[in-house]
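To start, the structure itself, in structure tokens.
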Protein chains: 2
Amino acid sequence: MNTPKYVKIEQEIRNRIENGEYPQGSKLPNQLALSSEFSVSRMTVKRVLDALAIQGLIYSRRGDGTYVMTNIPQKIEKNAPASEHQGLTVYFGADRVESRIIVFDIQFPSPQIQEKLHLRKNDPVFKIIRLRLVDQQPYVLEHTYMPQKLMPDLDESVLYGSIYAYLKSTGLKLSGSYRKIHAVFADEFDIKYLNCSPKDPVLEVEQVAWLADGTPFEYSLSRNRYDARSYTVVDNNTL
Amino acid sequence: MNTPKYVKIEQEIRNRIENGEYPQGSKLPNQLALSSEFSVSRMTVKRVLDALAIQGLIYSRRGDGTYVMTNIPQKIEKNAPASEHQGLTVYFGADRVESRIIVFDIQFPSPQIQEKLHLRKNDPVFKIIRLRLVDQQPYVLEHTYMPQKLMPDLDESVLYGSIYAYLKSTGLKLSGSYRKIHAVFADEFDIKYLNCSPKDPVLEVEQVAWLADGTPFEYSLSRNRYDARSYTVVDNNTL
DNA sequence: AAGTGGTCTAGACCACGCG
DNA sequence: GCGTGGTCTAGACCACTTT
């Protein structure tokens with residue numbers, strides 16, 4: 001019972017949109033009516049509507065009302081939302097995801113890694129290269145650097161599953177990430193493990209992720225076959 | 001005086017972070033102190049802090065305090081934030097941006113365009129291909145489709161500048177967009193206008209943008225040289 | 001135990017769209 | 001003029017971290 005009201009109400013309204021109870025283009029009940037239905041204050045309703053607007057599901061017009069967006073971006077399996085960094089296991093389910101470890105090593109960080117992970121030059125980092133497969137198909141090749149001091153007992157058995165699940169189990173809370181998306185040429189690893197051809201384009205996602213206390217804990221480069229994955233972003237100016 | 005307080009306070013706190021008055025890693029004054037300093041309620045302060053947290057500038061820990069993020073992502077010129085779709089002119093300034101029109105045509109929409117722009121098959125659309133240059137260097141090649149009925153007097157003179165500025169002048173308010181980012185091969189246009197080589201990777205951004213009333217008004221494919229541009233996303237779980 | 005941020009309320013006033 | 005959403009308040013209670 002400690003999940004906040006605004007989370008539950010957001011979920012409920014999202015459900016109503018998805019199952020057609022609030023059809024695309026239709027007007028939602030006004031904020032006072034929603035307050036009354038859910039027995040919350042109008043401020044709480046407003047907070048929920050703001051969150052849904054950010055996700056591109058609804059929009060509001062002052063003096064008029066709140067509407068369900070037409071043409072809601074369809075969720076396609078090949079599409080990863082560019083926000084939300086929980087990892088493949090959550091997205092596809094553990095049954096369909098498999099990991100192969102190409103490299104598991106420990107080393108001193110390069111100047112670039114020192115800067116990204118906020119480390120001194122003698123703080124060891126794990127260097128990991130993992131191939132991740134979905135339904136037995138190569139999906140993404142991840143080059144990951146993580147500070148050893150944050151997770152001294154990381155080992156290969158963890159890497160066969162989800163690093164995020166491991167972090168949760170250690171009590172480390174992850175909080176945010178910063179990602180940069182490029183197009184690049186396939187390199188030798190991509191050719192070998194993603195079955196790319198030389199000169200194929202690859203979608204590379206460079207990421208720095210940090211914990212709830214602001215400590216950066218991961219620097220990674222995720223390399224995706226050009227025909228296997230894309231990233232989506234929803235942008236909203238109405239707030 | 002109709003800019004809301006929360007906008008001004010957000011700007012002020014961002015300035016303090018940028019000029020070092022609130023150094024990276026330091027603790028901010030608590031919410032009560034900020035309420036008092038800015039003469040607003042704590043709710044308003046909280047709203048501001050949430051917004052800054054979403055942008056990855058600060059983070060809060062219940063029971064402890066609010067801190068300035070260490071390692072704040074620096075803005076690099078080659079980096080477009082993946083949110084904010086205002087266009088190049090605002091980003092670089094009109095002096096540095098130039099547009100060349102490769103194609104300006106009107107046609108009936110393909111089934112795909114009909115669906116994306118929510119059109120009937122006899123609603124004409126403009127088809128535009130523009131090469132945009134920054135500092136005389138080819139920067140992005142945009143393939144754009146826009147419904148004629150929304151902007152009946154669009155012509156080439158508009159296209160030499162900023163479409164967004166034109167929309168503003170017509171009273172149409174744009175509100176949001178949905179983007180999908182891929183890596184693809186260079187095509188004949190990219191080779192000719194972006195000076196790509198055959199088989200070069202290209203970063204393609206597929207976008208649907210809509211107006212404040214939810215009407216989709218633009219479907220576009222922006223194609224960027226692999227070495228010229230990347231997209232950045234900040235993600236935050238703390239809310 | 002004290003101090004912090006997270007949630008929520010019950011109102012108020014304002015700006016805007018519409019008939 | 002009326003109904004709508006946008007902003008803002010002054011407080012309350014709770015969950016959490018720290019000492």
Side-chain angles (χ1 to χ4, degrees), chain A residues 1-13 22 26-54 57-69 171-173 175-176 211-215 236-239, chain B residues 1-13 22 26-54 57-69 171-173 175-176 211-215 236-239:
Chain A
M1 183 39 98
N2 32 4
T3 71
K5 297 182 187 179
Y6 71 88
V7 172
K8 288 187 279 193
I9 297 173
E10 181 185 332
Q11 192 52 53
E12 172 61 22
I13 294 183
Y22 294 152
S26 68
K27 189 187 277 200
L28 260 61
N30 69 34
Q31 296 179 357
L32 229 50
L34 291 171
S35 308
S36 162
E37 182 196 339
F38 293 110
S39 303
V40 297
S41 75
R42 215 189 115 209
M43 280 291 297
T44 303
V45 167
K46 179 58 169 49
R47 176 178 187 160
V48 169
L49 298 182
D50 282 351
L52 292 167
I54 286 176
L57 293 178
I58 64 176
Y59 62 92
S60 296
R61 298 180 65 225
R62 182 193 298 214
D64 180 3
T66 300
Y67 297 83
V68 181
M69 192 74 78
L172 296 177
K173 285 180 192 161
S175 123
L211 301 172
D213 68 356
T215 316
N236 201 296
N237 280 346
T238 56
L239 304 185
Chain B
M1 184 42 94
N2 29 1
T3 70
K5 297 183 187 180
Y6 70 88
V7 173
K8 288 186 279 192
I9 297 172
E10 181 184 333
Q11 193 52 54
E12 172 61 22
I13 294 182
Y22 294 152
S26 68
K27 189 187 277 198
L28 261 60
N30 69 34
Q31 296 179 356
L32 229 50
L34 290 170
S35 308
S36 161
E37 182 195 339
F38 293 110
S39 303
V40 296
S41 74
R42 216 188 113 206
M43 281 290 296
T44 302
V45 167
K46 180 59 169 48
R47 177 179 186 159
V48 169
L49 299 181
D50 282 352
L52 292 168
I54 287 176
L57 292 178
I58 63 175
Y59 61 91
S60 295
R61 298 180 65 227
R62 182 191 302 214
D64 180 4
T66 301
Y67 297 82
V68 180
M69 192 75 77
L172 297 176
K173 284 181 192 163
S175 121
L211 300 173
D213 68 355
T215 317
N236 201 297
N237 277 346
T238 56
L239 304 185

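Residue numbers start from 1 in every chain, and the chains themselves are labelled A, B, ... in the order their sequence lines are given, proteins ahead of strands. Only a predicted model underlies this, so the values are computations on that prediction, with no experimental measurement involved.
Which of C:dA10, C:dC8, D:dC16 sits closest to the side chain of B:R62 comes down to D:dC16. The side chain of A:R42 lies closest to D:dG5 when the candidates are D:dC8, C:dG6, D:dG5. Side-chain proximity of B:N30 to C:dC8, C:dT4, D:dC8: nearest is C:dT4. Minimum atom distance to the side chain of B:R61 is reached by D:dT17, of the listed D:dT17, D:dA10, D:dG5.
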Practice item. Could you go through the side chain to side chain contact (heavy atoms under 4.5 Å, CB included) check for A:N30 and A:T66 one step at a time? Key: CA-CA 7 Å; A:N30 69 34; A:T66 300; over 6 Å; no
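Separating the NZ atom of B:K46 from the P atom of D:dA10 is a distance of 19 Å, rounded to the nearest angstrom. At whole-Å resolution of the value, CG in A:N2 and P in C:dC8 are 11 Å apart. Atom OH of B:Y59 is separated from atom C1' of D:dT17 by 14 Å (rounded to the nearest Å). Whole-Å rounding puts the B:M43 CE to C:dG11 P distance at 16 Å. In this structure, CG of B:L32 is placed 17 Å from P of C:dA2, rounded to the nearest angstrom. Atom pair A:L28:CG and D:dG3:P shows a separation of 20 Å (rounding to whole Å applied). In this structure, the CD atom of B:Q31 is 17 Å from the P atom of D:dG11, given to the nearest Å. Distance CZ (A:R47) to C1' (D:dT9): 17 Å, rounded to an integer number of Å.
The two atoms that bring B:Y59 and A:D213 nearest to each other are OH-O, 2.5 Å, heavy atoms only.
At the phosphate of C:dT7, OP1 or OP2 sits under 4.0 Å from a side-chain N or O atom of A:Y6. Remark: A:T66 is in phosphate contact with D:dG5, judged by side-chain N or O atoms under 4.0 Å from OP1 or OP2. The phosphate of D:dT4 has neither OP1 nor OP2 within less than 4.0 Å of any side-chain N or O from A:K27. An OP1 or OP2 oxygen of C:dT9 is reached within less than 4.0 angstrom by a side-chain nitrogen or oxygen of A:T44.
By the 4.5 Å heavy-atom criterion applied to side chains, A:K27 and A:D64 are counted as neighbours.
Distance check, rounded to the nearest 0.5 Å: CG of A:L49 to CD1 of A:I9 gives 9.5 Å. Interatomic distance, B:D50 CG to B:I58 CD1, rounded to the nearest 0.5 Å: 8.0 Å.
Heavy-atom nearest nucleotides on DNA chain C were determined for B:G65 and for A:S41, and the one closer to the 5' end corresponds to B:G65.
Heavy atoms of B:S39 sit under 4.0 angstrom from primed sugar atoms or phosphate atoms, though from no base atom.
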